[in-house]
Peer 1: 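Would you mind keeping the following structure in view while I ask a few things?
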There are 2 protein chains.
Amino acid sequence: MKQPTICPRFEKAISLLSQRWTALVIYQLLSGPQRFNEIQSSVGISGKVLSERLKDLEHQGVVKREVIPETPVIIEYSLTEKGLSMEPILKAIENWSQAWIEPGSGSAD
Amino acid sequence: MKQPTICPRFEKAISLLSQRWTALVIYQLLSGPQRFNEIQSSVGISGKVLSERLKDLEHQGVVKREVIPETPVIIEYSLTEKGLSMEPILKAIENWSQAWIEPGSGSAD
DNA sequence: TACACTTAGTTACATAAAGTAAGTTATTAT
DNA sequence: ATAATAACTTACTTTATGTAACTAAGTGTA
């Protein structure tokens with residue numbers, strides 16, 4: 001049994017961010033709207049999982065999917081207001097990583 | 001092929017925080033040194049995974065394990081300086097969750 | 001001393017999540 | 001018509017988590 005000593009809203013936010021790849025995908029989208037393959041190759045995630053994550057993030061109102069009826073049709077993913085508001089979190093992680101993680105070591109991939 | 005558009009230090013920090021339970025354990029320890037069972041019951045993690053996480057966090061210099069030779073012997077886990085310096089991250093998540101997550105809904109995990 | 005209880009784990013086995021790679025549908029370039 | 005690209009999906013394998021029982025050391029009680 002879990003007795004939530006911890007705030008359920010906080011837990012929910014954590015469980016969102018603790019999903020593998022989610023934070024990285026959001027971070028990537030922070031630099032602007034992007035297409036599926038763009039995100040996939042810059043983040044290094046498999047198509048399968050990216051597709052899952054994007055759907056999930058869409059349902060949670062963090063990411064917006066737009067079909068742009070250009071020449072062949074472009075599908076563009078971007079952050080919603082909710083997603084953009086996570087920037088301070090990602091920046092905090094970035095700052096911490098600059099201060100405390102040494103670059104050279106182990107396996108990042 | 002993956003081309004790391006993303007800073008390896010940042011990725012490393014993310015992969016640390018994206019491990020299930022890790023952020024919650026650190027958050028919990030932010031409120032002070034605690035014992036194994038205390039963390040386990042407040043976070044709602046299994047002993048097996050907690051043990052793994054704690055070892056991992058120790059290796060990464062985030063958590064410190066201390067054996068206190070009191071009456072029966074107490075094993076206390078606490079954050080190192082590196083661990084304490086993650087507070088802004090957790091606070092940012094907390095703030096975001098207060099602003100953007102509604103408490104009542106679905107499945108947290 | 002024997003029996004039960006607590007702490008701090010570990011072990012074995014079951015289920016869920018991720019990775020890999022090939023396949024799909026639509027469109028476009030040659 | 002053939003090959004290529006974008007955006008996914010499907011099938012199958014590997015890894016991570018969950019569950020629950022078990023261990024070792026110490027303590028409390030009768």
Side-chain angles (χ1 to χ4, degrees), chain A residues 1-4 11-12 14-26 28-29 32-60 63-78 106-109, chain B residues 1-4 11-12 14-26 28-29 32-60 63-78 106-109:
Chain A
M1 301 154 224
K2 318 179 174 182
Q3 55 234 111
E11 272 195 29
K12 231 178 150 188
I14 286 286
S15 81
L16 173 65
L17 283 164
S18 289
Q19 291 239 69
R20 198 116 135 197
W21 303 113
T22 297
L24 236 34
V25 168
I26 293 168
Q28 185 61 29
L29 287 175
Q34 272 158 82
R35 302 169 67 172
F36 193 92
N37 287 340
E38 249 178 302
I39 302 171
Q40 199 185 332
S41 61
S42 54
V43 169
I45 186 178
S46 72
K48 178 200 165 196
V49 178
L50 179 56
S51 158
E52 281 173 20
R53 286 299 174 276
L54 253 13
K55 266 178 209 156
D56 196 47
L57 289 170
E58 226 191 312
H59 288 140
Q60 297 191 260
V63 160
K64 180 175 43 180
R65 184 189 128 117
E66 259 186 296
V67 180
I68 298 172
E70 301 260 321
T71 352
V73 107
I74 289 174
I75 294 170
E76 206 178 66
Y77 292 93
S78 58
S107 51
D109 50 297
Chain B
M1 286 162 233
K2 323 174 173 185
Q3 55 233 108
E11 272 195 28
K12 230 177 150 187
I14 287 286
S15 81
L16 172 66
L17 283 164
S18 290
Q19 293 239 69
R20 196 116 136 196
W21 304 115
T22 297
L24 238 32
V25 168
I26 292 169
Q28 185 60 29
L29 287 175
Q34 273 159 80
R35 302 168 68 170
F36 193 92
N37 287 340
E38 250 178 302
I39 302 170
Q40 199 184 333
S41 61
S42 54
V43 169
I45 186 179
S46 71
K48 178 200 165 196
V49 179
L50 179 56
S51 157
E52 280 173 20
R53 287 298 176 276
L54 253 12
K55 265 178 209 157
D56 196 47
L57 289 170
E58 225 191 313
H59 287 140
Q60 298 192 259
V63 160
K64 181 175 41 181
R65 185 189 127 116
E66 258 186 297
V67 180
I68 298 172
E70 300 261 320
T71 351
V73 106
I74 288 174
I75 294 169
E76 206 178 66
Y77 292 93
S78 57
S107 47
D109 46 296

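Residue numbering restarts at 1 for every chain, and letters A, B, ... go by the order of the sequence lines.
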Peer 1: Checking A:Q28 side chain against A:V43 main chain: does a donor-acceptor pair fall under 3.5 Å?
Peer 2: no
Peer 1: Is the distance from OP1 or OP2 of C:dA17 to the nearest side-chain N or O of A:W21 less than 4.0 Å?
Peer 2: no
Peer 1: Could you tell me which residues satisfy side chain to side chain contact (heavy atoms under 4.5 Å, CB included) with A:K48, sequence neighbours excluded, listed by chain and number?
Peer 2: A:S46, A:E52
Peer 1: How about A:L57 and A:Y77: do any of their side-chain heavy atoms sit closer than 4.5 Å?
Peer 2: no
Peer 1: Given D:dT27, C:dA18, D:dT19, identify the nucleotide with an atom nearest to the side chain of B:P72.
Peer 2: D:dT27
Peer 1: Calculate the interatomic distance between A:Q19 atom CD and D:dA16 atom P; express it in whole Å.
Peer 2: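 So the CD-P distance, A:Q19 to D:dA16, works out to 16 Å.
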Peer 1: Can you name the side chain to side chain contact (heavy atoms under 4.5 Å, CB included) partners of B:R35, sequence neighbours left out?
Peer 2: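 Testing B:R35 for side chain to side chain contact (heavy atoms under 4.5 Å, CB included), a comparison that skips the adjacent residues, returns B:E38, B:I74.
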Peer 1: So, does A:R65 use its side chain to make a donor-acceptor pair with the main chain of A:K55 at under 3.5 Å?
Peer 2: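 No: the side chain of A:R65 does not pair with the backbone of A:K55.
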Peer 1: Using atom CD1 of A:I45 as one end and atom P of C:dA21 as the other, report the distance to the nearest whole Å.
Peer 2: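 For the pair A:I45 CD1 and C:dA21 P, the rounded distance is 16 Å.
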Peer 1: Could you go step by step and tell me if A:S18 and B:W21 meet the side-chain contact (heavy atoms from CB on, under 4.5 Å) rule?
Peer 2: CA-CA 8 Å; A:S18 289; B:W21 304 115; over 6 Å; no
Peer 1: If the condition is side chain to side chain contact (heavy atoms under 4.5 Å, CB included), which residues does B:D56 pass it with, not counting sequence neighbours?
Peer 2: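 Checked B:D56 against side chain to side chain contact (heavy atoms under 4.5 Å, CB included); matches are B:Q19, B:Q60.
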Peer 1: Could you run through nucleotides 1-15 of chain D and give me one letter per nucleotide, 5' to 3': B if any protein heavy atom sits under 4.0 Å from the base, S if only the sugar-phosphate is that close, - if neither?
Peer 2: -----SSSBBB----
Peer 1: Roughly how many Å is it from CD in B:Q34 to P in C:dA8, rounded to a whole number?
Peer 2: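 Nearest whole value for this atom pair: 12 Å.
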Peer 1: How far does the helix from C:dT1-D:dA30 to C:dT30-D:dA1 bend, going by the axes of its first and last five pairs, to the nearest 10°?
Peer 2: 0°
Peer 1: Do any N or O atoms from the side chain of B:E76 and from the backbone of B:I68 form a donor-acceptor pair under 3.5 angstrom?
Peer 2: no
